[in-house]
Amino acid sequence: MNSALHPDYPLRTDRLVLRPFEPDDAEAIAAYQGLVDVCRYIPYSPRSVADVRQRLDSGAWPSTIAAEGDAITLGVTLAATGSLIGDVMLRWASSEHATGEIGYVLHPAHTGHGYATEAVRALLPLAFDDMGLHRLFARLDARNSASANVCRRLGMRQEAHLRENEWFKGEWTDEIVFALLAHESQAQSSG
């Protein structure tokens with residue numbers, strides 16, 4: 001397994017460009033990260049433009065992974081317009097077990113078009129080929145059926161349904177865990 005990830009940006013798909021956040025992205029990021037409905041199942045509260053600017057200035061969203069626990073967060077932009085519509089995350093969860101975690105969030109105006117699936121699919125070669133990870137997982141609030149559908153479209157399987165395992169935003173919530181192994185991803189891409 002490789003110990004670091006320093007991708008050559010931007011990453012391109014048929015319809016999207018994934019790139020590190022830029023200082024001028026604050027308003028576009030806050031346009032979705034500031035929405036109560038978007039943050040309902042995400043472990044942060046709605047963020048203002050000032051909150052986002054502070055995170056951008058502090059380097060809270062790195063674009064390289066150097067050690068276990070590090071994560072990259074990339075802006076998801078439409079290739080046709082350059083509009084920032086969301087972000088994706090890849091975190092190195094365990095060196096010993098060669099695992100990583102993925103996450104994703106889109107502005108509601110851009111959901112339902114397959115963009116989340118397409119953006120996360122672009123992270124798979126980084127995780128499996130570049131980093132040499134064995135397994136990727138996604139942890140979701142069990143009520144977030146749209147996010148679960150993204151995992152299924154990626155070929156991930158649901159491995160767990162944890163009942164009331166987390167006190168989350170003032171209530172006990174269920175969590176579901178999806179995962180994909182490197183050889184399963186390779187079989188999908190060659191099939």
Side-chain angles (χ1 to χ4, degrees), residues 1-3 5 7 11 13 16 18 32-33 35-46 60-62 65 67-74 76 86-108 110-189 191:
M1 187 175 92
N2 300 326
S3 60
L5 179 66
L11 307 177
T13 70
L16 305 172
L18 281 62
Y32 62 91
Q33 289 191 3
L35 299 174
V36 172
D37 287 349
V38 168
C39 295
R40 180 176 182 199
Y41 304 124
I42 298 176
Y44 56 79
S45 298
W61 291 308
I65 293 176
E68 180 180 70
D70 288 354
I72 58 171
T73 301
L74 303 176
V76 177
D87 58 77
V88 292
M89 178 275 301
L90 171 62
R91 183 177 70 86
W92 186 7
S94 171
S95 175
E96 178 181 3
H97 303 294
T99 58
E101 180 178 11
I102 55 165
Y104 40 90
V105 60
L106 291 182
H107 191 290
H110 299 283
T111 59
H113 304 286
Y115 294 138
T117 305
E118 188 172 332
V120 174
R121 189 167 279 127
L123 297 179
L124 299 181
L126 296 180
F128 294 131
D129 300 335
D130 297 352
M131 292 184 70
L133 296 179
H134 173 69
R135 181 176 180 272
L136 271 182
F137 65 90
R139 299 177 308 141
L140 320 172
D141 187 301
R143 300 169 294 182
N144 192 347
S145 58
S147 190
N149 287 336
V150 169
C151 290
R152 289 183 186 102
R153 283 192 295 276
L154 289 165
M156 300 178 87
R157 90 193 131 281
Q158 183 175 326
E159 292 188 334
H161 185 133
L162 308 170
R163 304 291 303 194
E164 296 185 13
N165 74 308
E166 195 170 78
W167 182 255
F168 185 74
K169 298 187 178 182
E171 63 183 320
W172 288 109
T173 59
D174 290 7
E175 180 179 68
I176 53 177
V177 179
F178 283 85
L180 180 68
L181 300 175
H183 65 83
E184 294 168 333
S185 177
Q186 291 162 353
Q188 287 178 23
S189 60

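At distances below 3.5 Å, at least one donor-acceptor pair connects side-chain atoms of Thr111 with backbone N or O atoms of Pro108. Counting only distance, with no hydrogens or angles, the side chain of Thr99 and the backbone of Arg135 share no donor-acceptor pair below 3.5 Å. One N or O on the side chain of Asp174 and one on the backbone of Glu164 form a donor-acceptor pair closer than 3.5 Å.
Atom CG of Leu124 and atom CD1 of Ile102 lie 6.5 Å apart (nearest 0.5 Å). Arg163 CZ to Ile176 CD1: the interatomic distance, rounded to the nearest 0.5 Å, is 11.5 Å.
Residues Phe128 and Leu180 form a side-chain contact, since some pair of their non-hydrogen atoms from C-beta on lies under 4.5 Å apart. Counting heavy atoms from C-beta on, the side chains of Cys151 and Leu140 come closer than 4.5 Å. Between Ile65 and Leu126 the shortest side-chain heavy-atom distance does not fall below 4.5 Å. By the 4.5 Å heavy-atom criterion applied to side chains, Asp87 and Gln33 are counted as neighbours. At a threshold of 4.5 Å between non-hydrogen side-chain atoms, the residues Leu106 and His113 do not count as touching. The shortest distance between side-chain heavy atoms of Leu90 and Leu136 falls below 4.5 Å.
With sequence neighbours excluded, no residue forms a side chain to side chain donor-acceptor pair (under 3.5 Å) with Arg121. Considering only residues two or more places apart in sequence or on other chains, Arg91 meets the side chain to side chain contact (heavy atoms under 4.5 Å, CB included) condition with Ala71, Met89, Ala93, Glu101, Phe137. Residues satisfying the side chain to side chain donor-acceptor pair (under 3.5 Å) test with Ser147, not counting sequence neighbours, are Tyr104. By the side chain to side chain donor-acceptor pair (under 3.5 Å) test, Asn149 pairs with Arg152, sequence neighbours left out. Remark: Arg143 pairs with Asp141, Glu171 by the side chain to side chain donor-acceptor pair (under 3.5 Å) rule, at least two apart or across chains. The side chain to side chain contact (heavy atoms under 4.5 Å, CB included) search around Ala146 returns Asn144, not counting sequence neighbours.
Considering every non-hydrogen atom in both Gln188 and Gly155, the closest pair reads NE2-CA, 3.3 Å. Shortest non-hydrogen contact noted between Ala119 and Leu18 is O-CD2, 3.6 Å. Nearest heavy atom pair, residue Glu68 against residue Ser94, reads OE2-CA, 3.1 Å. For the pair Ile42 and Phe168, the tightest heavy-atom approach, listed with the atom from each and the gap, is O-CZ, 3.4 Å. Glu175 and Arg139 get closest at one heavy-atom pair: OE2-CB, 3.6 Å.
Classification of the His107-Tyr32 ring pair by plane angle, with boundaries at 30° and 60°, yields perpendicular. Note on ring orientation: taking the six-membered ring where Trp is involved, the planes of Trp172 and Trp167 are perpendicular (angle over 60°, cut-offs 30° and 60°).
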TODO: Verify side chain to side chain contact (heavy atoms under 4.5 Å, CB included) between Gln186 and Asp129, making sure each step is shown before the conclusion.
DONE: CA-CA 10 Å; Gln186 291 162 353; Asp129 300 335; 4.3 Å; yes
